[in-house]
Structures are given as C-alpha cells and as structure tokens.
2 protein chains.
Amino acid sequence: MDETAPQKGTVTQRAIEQIKAMIAEGRLEPGQRLPTERDLAVQLGISRSSMREAIRALTVLGVLEARHGSGIYVTQLEAGDLLETFGVVADLSRGPRLVELLEVRRVLESTATALAAARITADQLAEVEKHLTAMNATDDPEEILAHDLAFHRVIAGAAGNDTMAAILEGLSSRTFRARVWRGYEEEGAFARTRREHAAIHRALVARDPEAARAAAAAHVGEVEQWLRTQLGGQT
Amino acid sequence: MDETAPQKGTVTQRAIEQIKAMIAEGRLEPGQRLPTERDLAVQLGISRSSMREAIRALTVLGVLEARHGSGIYVTQLEAGDLLETFGVVADLSRGPRLVELLEVRRVLESTATALAAARITADQLAEVEKHLTAMNATDDPEEILAHDLAFHRVIAGAAGNDTMAAILEGLSSRTFRARVWRGYEEEGAFARTRREHAAIHRALVARDPEAARAAAAAHVGEVEQWLRTQLGGQT
DNA sequence: TCAGCAAGGTGGTCGGACCACTACGGCTCA
DNA sequence: TGAGCCGTAGTGGTCCGACCACCTTGCTGA
C-alpha cells in the first residue's frame, strides 16, 4: 500500500528516524516498553542486525534504554537523559574550544546562580553550605573537586531549570574539570577559589540575584581567563 | 599480557569507550581514517556486529563518520559535528521543557547577539540585512522561517564562539521552531517579530552590545512568555 | 594522453545460531 | 496457607558467514 518508500539513506538511518518519529508523535510514551528487537525488525521490514544498530543509536542518545533479558524501553525523556551526551563534547574538546565551552558555562552558570538566589530553599541552601565547608576542610584535590562539583550542582538544581542544569552538568563533567583544573589549581588557586565560592554563597544567603550573577561570572571567568593565557600567550 | 580485562559492561560499550579514549588521548587525529571494521573487530577481540554497533554509536554522536565503500574517519571534531545531537533534544521535548529550552536560548542568544554587536564584520552585517529584508518581503511562513533562522545564524556566527553558535543552532532546529511558532505566528505575531528583528539589527549597526543584548532577550522572551501562558494558563 | 572499464576493498545488510540474563509461574516444603 | 525455591520461556547480547552496494584504484585501449 504505502510501500513506495523512496529508500533514502541507509536502512538503519531510516529505522532511527521512524522510531524517533513515533516518540515525537506520541505513539510511544516515556517509560513504555517497545516490541522485541525481532518484532520491530519485522515491522520495519529490516534485519535484526540493522534494527539493533538503530536501537544502539537511540540508546546512546538517551532516548531508549535496553534492559538485558527484559526489553527495550523509552526513557523518561527528561533533560538529564537526553543531555548526557553533552559530556562527550566536553571530554573530546581541546584547545580553543575549551575556552568556548567555559564561556558558555560562564553565561549559563551566572544565570543559573542568579535564578537560584531568588528561588533557593532553606534545605538546598544548607546543602550548599555543607559542600562549602567540606571543600574548605580538606586539602585532597580529589575531594575538593567532588565538593566543588556538588556545590554548583545544587545551585544549578535550585535554579529551577532542569535543562540548564543538565547542560551545566555536562560542562562540568568530571574528566573535563579535572583536565582544566589540574593546571589551574597547581598555581595555588585554591585560596582564590575558596573566596569566590564564599562570595557566591553570601549572595545566595542575601538572596541577591545580581550579586550572585556577578560572583558566578567572576568565578568561571577566572578559570576562563587563565586558560586563555595558557593557550595563546597573547595579551 | 594485558588480557586481564575485567569485562565490565557489554562488549559494545567497552568498544565505544576504547575508541573514544583513543581519540581523547590523541592516538586518533581528526580526519584520520580508522582501520576497517573487520580489522578493528579483530584488534579489540570482538565480532564485527558488535564493532559496527560501537561505530554506529560514535557516528550518531558526531565523532566518527562512515563513508560507504571508502572507510571510517574521525570527524573534524568541531562544535558543529559534536553538537548535532542537540537538535534531538529540542525535537523530542514537550510541555514545560520547551519553556526551559527557550530560556536557555534566551540567555545564549542575547549573549551571542551582544558579542556580535562588537565583532560583526561589514560582510556579515550585509548578510544579516539581506535576510532581514527578504523576511519582510514575503508572506510565506515557510520562507519567513527560513530567513529568520538564517538571520540568527549569521549573528551567532559573528559572535565568534562556534560552540555557542552550534548550541543555538540545535535550539533553533527547523522542526523545533516550526512546532512552537506554528501557534505563535497564528496570533498575528508577524508584525511584532519584524519590529524585534529590526531592533536587533539597529543595535548591531550601532555596535551597541547592551542594546543588542536587550533586543535579543526581548525577542526570545516574547515567544517564551507566550509559550508559558499556552501551557499553564497561570498569571 | 586520457577516457573508460574492471577488480579489489570497504561499509551496509541479511539470516541464523547460540549465550546471558530476567521475569514469571508452578512447585515444594515448612 | 504461605513463603521461598526453581525451572522455563522470552528477551537482549554476541558471534559467524555470506552477499550486496559503493568507492577507489589502476590498468587497458583508443
């Protein structure tokens, strides 16, 4: 009947688009289980191998989730699911693009911090303080980094924009931060970092969005500028 | 020798990580050609099927590129390559997350427009004008949308941050814009949109970053607010 | 000299087989 | 009667081998 498929692109690519379309059109709900690989392959008229490649593709994109022995399910399609791949960008970027990524982070982080200043709850604020004190109480770089990440994660979460938080999560992925900070902190930037974190915290307590925005921008900007000089050596 | 692999996770997942690591460590340069699927499978000690799934995964992530009959190549690993998946997020998002995405776009677009005001060249400015006039010269929604997209694309490109431009590209993907704007423009928002675009253009000509920032933020904010009311019906 | 052709190599697809794991039901035993 | 064990059917995960579609290369022949 409708077998006039013009056969554009590869079979697998077509299967990817079809499943994606099914989800976009609402024919597949978040959390819903899909037919088996074998059935899906028959339905779309392709081999199981090709269907598996399509499923793999949608799996790495965070759209599908395959559970061994159970079945294939649509994820909740939340920001975290779909933006997990963002970390790959950060991990594979080098040189000038690291600066660009930090610039993006500066813009988003400052906005998120400003939003958080207006919206953060007492509980969230307490958690921010917990990580702040824990960060200042140790000299282990690993531990500092972990609390540093958590510090910003809580703030991003308090901003109330899950999508923004998920992007920031990717821009702060462990390997990314570790690569950049390795050199930065070696220059004795610990003290400066602590001051900056304290300033961010003060602005949150004061519920002052503009101060929070400025503090966060300065915080990321410091690293950004340092990295800029590391790369170019220009003025 | 080192065959003590603890066999964590699936075979395919391991292969993905290994190839990714090879690129991150610089053992594979951008543009370089990889061994054949068959050879790679042998090297990593897995079947060709599993290797193909791994390659497919890295292909959708924009890390690898398979050319039929020629071979598998590492992409240039530029922002555009790696952030292409960002469009998927926009296409599969609904309801509240659409607002979140527009909020992110508002923040980035306003920043990019401000940067562009300071850096845009005469040629780029001419192109902006071209799309602006073309946009105002037609009533075909399709054509308007196309020039609208191009308008912002040129500006984002002039900002000098390819990463930011690539993210904005994803946040403005054709299907995304089409979905949101379908309703928005039906309410006779064409005139308003034209005024806003004109304001952005004026700020660029005046090379006034703050005005450009404000104009861009207002432009996206309009759509954002409209969408907010469409969803919640709240005040 | 160069256009055209032929062969080899490469990714793309297919089908089938088997393995590893999960979920579910019936069975056993207290 | 109830809980726990266990087997089995079904699912995704892996492997193999074959063939197809396409590109590249180099040779052929005018």
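Here is the naming used below: chain letters follow the sequence lines, and residue numbers restart at 1 for every chain.
B:I46 comes within 4.0 angstrom of the backbone, heavy atoms only, and of no base. Note on B:S49: a base of the nucleic acid sits closer than 4.0 angstrom, heavy atoms only. In this structure, B:R67 reaches the sugar-phosphate backbone alone: every heavy-atom distance under 4.0 Å involves primed, P, OP1 or OP2 atoms, never a base. Looking at heavy-atom distances under 4.0 Å, B:S70 makes contact with sugar-phosphate atoms alone, never a base. Counting non-hydrogen atoms under 4.0 angstrom, B:I55 reaches nothing in the nucleic acid.
A straight line from NE2 of B:H68 to C1' of C:dG9 spans 11 Å, rounded to a whole angstrom. In this structure, A:L64 atom CG and D:dG12 atom P are separated by 11 Å, rounded to whole Å. Taking atom CD1 on B:I72 and atom C1' on C:dG9, their separation rounds to 13 Å, with Å as the unit. Following rounding to the nearest Å, A:R52 (CZ) and D:dC15 (C1') show an atom-to-atom distance of 11 Å. Residue B:L44 contributes atom CG, which lies 13 Å from atom P of D:dT14 at whole-angstrom precision. Atom CZ in A:R56 sits about 11 Å away from atom C1' in D:dT14, given to the nearest Å. Taking atom CD on B:E37 and atom C1' on D:dC22, their separation rounds to 13 Å, with Å as the unit. Across the protein-nucleic acid pair, B:I16 atom CD1 and D:dG13 atom P stand 11 Å apart, rounded to whole Å.
The residue from B:I200, B:T113, B:V220 that alone fulfils the side chain to side chain contact (heavy atoms under 4.5 Å, CB included) condition with B:H152 is B:I200. Each of A:E143, A:K130, A:H197 was evaluated against A:M135; a single residue qualifies, A:H197, per the side chain to side chain contact (heavy atoms under 4.5 Å, CB included) test.
Note on B:R33: a side-chain N or O is less than 4.0 Å away from OP1 or OP2 of C:dT10.
No N or O donor and acceptor, one from the side chain of A:R38 and one from the base of C:dG16, sit under 3.5 Å apart. If you check distances only, the side chain of B:R48 never reaches the base of D:dG17 with a donor-acceptor pair under 3.5 Å.
Comparing atom distances between the B:T12 side chain and each of D:dT14, C:dG11, C:dT13 picks out D:dT14 as nearest. Nearest nucleotide to the side chain of A:V11, out of C:dT13, D:dG12, D:dC15: C:dT13.
Residues A:R97 and A:E100 are not paired through a salt bridge, judged by the lack of any N-O separation under 4.0 Å between the basic side chain and the carboxylate. In summary, B:E103 and B:R106 engage in a salt bridge, as defined by a charged side-chain N under 4.0 Å from a carboxylate O. In summary, A:D148 and A:R177 engage in a salt bridge, as defined by a charged side-chain N under 4.0 Å from a carboxylate O.
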